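Working notes, beginning with the structure itself.
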Amino acid sequence: LDVLKKKAASKVKIEKASDKLKRELKERIEELNVEKDYALSEKGEEAKTRVAEINAELAELKSRIKTDVAKLKAEEAAKK
């Protein structure tokens, strides 16, 4: 079994375009969440506007994950 596990682990995995886009968008969402935490810890009107901007960008990224990734997956399925 160890031989089979090592053999499977050593195979080169080709990342699909949809998986790459999803990974990149999720990384950006994580970055924005960290930035949002910092903005929430600050006080003032500028911090509130920054949190609103971050929330808007988060909503846009989440909708892109749903639409763009689904579109790419459909294209990949059509190619097979």
Side-chain angles (χ1 to χ4, degrees):
L1 289 174
D2 288 338
V3 173
L4 294 176
K5 286 181 184 177
K6 286 181 183 179
K7 186 175 181 181
S10 68
K11 288 184 181 178
V12 175
K13 295 180 178 145
I14 300 172
E15 189 174 36
K16 297 177 186 174
S18 61
D19 294 335
K20 182 179 179 185
L21 177 64
K22 189 173 186 178
R23 179 182 47 79
E24 290 172 351
L25 291 175
K26 285 188 175 195
E27 287 173 356
R28 180 66 182 140
I29 287 172
E30 288 301 317
E31 291 171 4
L32 286 173
N33 282 329
V34 169
E35 190 176 334
K36 182 180 173 182
D37 287 341
Y38 283 118
L40 285 171
S41 66
E42 296 176 9
K43 294 182 180 176
E45 207 53 41
E46 185 178 315
K48 288 180 183 178
T49 57
R50 182 63 189 140
V51 169
E53 291 171 359
I54 291 171
N55 285 336
E57 191 171 347
L58 285 170
E60 189 262 331
L61 287 173
K62 288 177 183 177
S63 68
R64 275 190 64 198
I65 285 177
K66 290 180 183 175
T67 57
D68 294 350
V69 172
K71 196 182 300 181
L72 283 173
K73 283 187 178 185
E75 289 174 6
E76 290 169 359
K79 288 181 182 179
K80 287 186 178 182

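In this text the structure is predicted, and so the values were computed from the model without any measurement.
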Hydrophobic cluster partners of I54 (side-chain heavy atoms under 4.5 Å):
L21, L25, I29, L32, L58, L61, I65, V69, L72
Between K73, E76, R23, E75, which is the residue that forms a side chain to side chain donor-acceptor pair (under 3.5 Å) with S18?
E76
Determine which pairs satisfy salt bridge (charged side-chain N to carboxylate O under 4.0 Å, His left out) with at least one residue from residues 29-40, sequence neighbours left out, and list them in order.
R28-E31, E35-R50
State the CG-CG distance between N33 and L40, to the nearest 0.5 angstrom.
10.0 Å
More than 12 foreign heavy atoms under 6.0 Å from CD of E15: is that the case here?
yes
Taking all heavy atoms of A39 and all of A47, pick out the closest pair and write down the distance.
O-CB, 3.5 Å
Each residue besides V34 in its hydrophobic cluster should be listed here, by chain and number; the cluster joins Ile, Leu, Val, Met, Phe, Trp and Tyr at side-chain heavy-atom distances under 4.5 Å.
Y38
